[in-house]
Amino acid sequence: MAKQTVAEKRDGEKLLVSEMIALYCRKNHHTAKGSLCPQCQALHDYALQRIERCPFMETKTFCSACKVHCYKPEMREQIRIVMRWSGPRMLFVHPVLAVRHMKETMKAKKS
């Protein structure tokens, strides 16, 4: 399997975090599909900004596995809540993304 470029990894992580935030917002804040509440929109924008500026993208798997946490503490707590809620549900909503994420996580834990 060909190794992903940094840009591909960055795009994949952006897609995953976007889908997880959207799922969380839709189910917990009752927003329409394709829209986010102001709080979730702020978290989404912040997360994408952090991913875009990540200097470790080439070597890391996901933000949760990173040794340097670049999120502000309150945003880190918000994203943790979103991920904990959305993670198990992603398997039913976006199975390909969820399986890919689980595979990458297991691969990272082995090394």
Donor-acceptor contact below 3.5 Å, side chain Tyr71 vs main chain Ile79: no
Starting at CD of Glu13, measure out to CG of Leu48 and round the result to the nearest 0.5 Å. 10.0 Å
Are more than 12 heavy atoms from other residues, nucleotides or ligands located less than 6.0 Å from atom CZ of Arg89? yes
Got Met102 and Leu91 here, is their nearest side-chain heavy-atom distance under 4.5 Å? yes
With salt bridge (Lys or Arg N to Asp or Glu O under 4.0 Å) as the rule and sequence neighbours excluded, what pairs involving residues 43-52 come up? Lys14-Glu52
Is there side-chain contact between Arg26 and Leu23, with heavy atoms separated by less than 4.5 Å? yes
pair Tyr46-Gln78: side-chain heavy atoms closer than 4.5 Å: no
Co-membership, hydrophobic cluster, residues Val17 and Val99, 4.5 Å side-chain: no
Between Ile21 and Cys40, the two heavy atoms sitting closest are CG2-O, 3.8 Å
Honestly curious: do Trp85 and Ile81 fall in one hydrophobic cluster under the side-chain, below-4.5 Å linking rule? yes
Can you find a heavy atom in the side chain of Thr31 that is under 4.5 Å from one in the side chain of Gln41? no
Closest heavy-atom pair, Ile51 versus Arg10, reported as atoms and distance to 0.1 Å, is O-NH1, 2.6 Å
Salt bridge (charged side-chain N to carboxylate O under 4.0 Å, His left out) with Glu19: which residues, sequence neighbours excluded? none
Taking 4.0 angstrom as the limit, do Glu77 and Arg80 come out as a salt bridge? yes
Which atoms form the tightest heavy-atom contact between Cys37 and Cys25, and what is the distance? N-SG, 3.2 Å
Where His29 and Gln39 come nearest, the two heavy atoms and their spacing: CE1-OE1, 4.4 Å
Given a cutoff of under 4.5 Å between side-chain heavy atoms of I, L, V, M, F, W and Y, with clusters grown through shared members, what are the other residues clustered with Val68? Phe56
Can you find a pair of side-chain heavy atoms, one from His101 and one from Met90, that are under 4.5 Å apart? no
